[in-house]
A.B. asks: 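Would you mind keeping the following structure in view while I ask a few things?
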There are 2 protein chains.
Amino acid sequence: MSLKETLNSIIDSVDGAMAAIIFAGDGVSIDEIVAERADLDTQLLAVEYATILKEIRRAVDVIRMGTLEELSLTTTGSCCIVRVLNDEIYTALILSGDGNIGKGRYVLKVKSFEIQRELS
Amino acid sequence: MSLKETLNSIIDSVDGAMAAIIFAGDGVSIDEIVAERADLDTQLLAVEYATILKEIRRAVDVIRMGTLEELSLTTTGSCCIVRVLNDEIYTALILSGDGNIGKGRYVLKVKSFEIQRELS
């Protein structure tokens with residue numbers, strides 16, 4: 001399965017999924033799928049999430065709480081789940097406010113292994 | 001119910017709960033409960049989480065994804081859930097790696113309303 005097919009399968013299997021992105025720690029998007037109804041600037045998302053993740057990984061290191069695996073942000077209108085694929089690459093799933101966060105977390109975790117295989 | 005009683009009720013009702021903290025955006029802990037078996041520097045946690053939250057709120061604002069409500073970080077050994085109480089105050093629940101994250105999110109959300117009442 002290609003990266004695009006994997007991202008599509010994530011979007012298709014989670015209610016409320018708006019976008020799935022693979023991006024690098026420097027904020028550059030590697031691949032992405034945006035649902036038709038969604039109006040998202042995925043490049044801006046990748047840049048901002050890369051900045052957040054750099055800060056979080058520094059903090060997790062300072063407080064000695066292991067290695068970061070997942071970040072989840074819930075806002076008034078959406079939810080974003082990010083999985084760490086390796087030191088440099090992340091995958092994110094953006095859901096609408098009424099999306100299925102539990103399933104989103106589960107699917108993203110499972111598919112992360114596929115993405116890692118495809119990237120290696 | 002006092003703040004300490006509320007924090008205790010959170011710790012008591014979630015499997016794997018190690019600490020519950022209320023802290024300000026400047027990194028100062030307002031109140032906290034640490035489970036007996038846990039070895040955590042809650043002051044350091046408050047400082048680092050305050051820094052992360054400042055960065056996340058800035059990013060959420062830039063990407064126009066509404067207002068931040070909850071942050072959840074999963075690492076190799078633990079999970080930390082943070083709820084935004086208001087512009088200046090947060091509450092966090094730290095769980096061990098095998099803790100019940102779903103129940104932790106639910107209980108922290110419900111108890112956040114109680115904490116907000118106690119703080120007002």
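Just so we're on the same page: letters track the sequence lines, and every chain starts at 1.
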A.B. asks: Checking side chain to side chain contact (heavy atoms under 4.5 Å, CB included) between A:Met65 and each of B:Thr74, B:Thr76, B:Leu45, which is the one that passes?
C.D. replies: B:Leu45
A.B. asks: Please classify the contact of B:Val60 with chain A as side chain, backbone, both or neither, using a heavy-atom distance under 4.5 Å.
C.D. replies: side chain
A.B. asks: Does B:Val82 share a hydrophobic cluster with B:Val14, counting links as ILVMFWY side-chain heavy atoms below 4.5 Å and allowing steps through other members?
C.D. replies: no
A.B. asks: Strictly less than 4.5 Å between heavy atoms, which residues of residues 48-57 of chain A line up against chain B? Please order them by number.
C.D. replies: A:Glu48, A:Tyr49, A:Thr51, A:Ile52, A:Glu55, A:Ile56
A.B. asks: Taking side chain as C-beta onward, heavy atoms only, is A:Leu71 less than 4.5 Å from B:Leu73?
C.D. replies: yes
A.B. asks: Indicate yes or no: at least one non-hydrogen side-chain atom of A:Asp41 is less than 4.5 angstrom from one of B:Arg64.
C.D. replies: no
A.B. asks: Is there a path of hydrophobic side-chain contacts, each under 4.5 Å between heavy atoms, that joins B:Ile81 and B:Ile11?
C.D. replies: yes
A.B. asks: Are A:Leu3 and A:Ile33 connected into the same hydrophobic cluster when the rule is that any two of I, L, V, M, F, W, Y join if their side-chain heavy atoms are below 4.5 Å apart?
C.D. replies: yes
A.B. asks: Applying the 4.5 Å side-chain criterion to the ILVMFWY set and letting contacts propagate, would B:Leu7 and B:Leu40 be lumped into a single cluster?
C.D. replies: no
A.B. asks: Under 4.5 Å, heavy atom to heavy atom, which residues of residues 86-118 of chain B contact chain A?
C.D. replies: B:Ile94, B:Ile101, B:Arg105
A.B. asks: According to a 4.5 Å side-chain heavy-atom criterion applied to Ile, Leu, Val, Met, Phe, Trp and Tyr, with indirect links allowed, do A:Leu85 and A:Ile30 form part of one hydrophobic cluster?
C.D. replies: yes
A.B. asks: Starting at CD of A:Glu70, measure out to OG of B:Ser72 and round the result to the nearest 0.5 Å.
C.D. replies: 6.5 Å
A.B. asks: Count the heavy atoms belonging to other residues, nucleotides or ligands that lie under 6.0 Å from CG of A:Asp39, then report whether that count exceeds 12.
C.D. replies: no
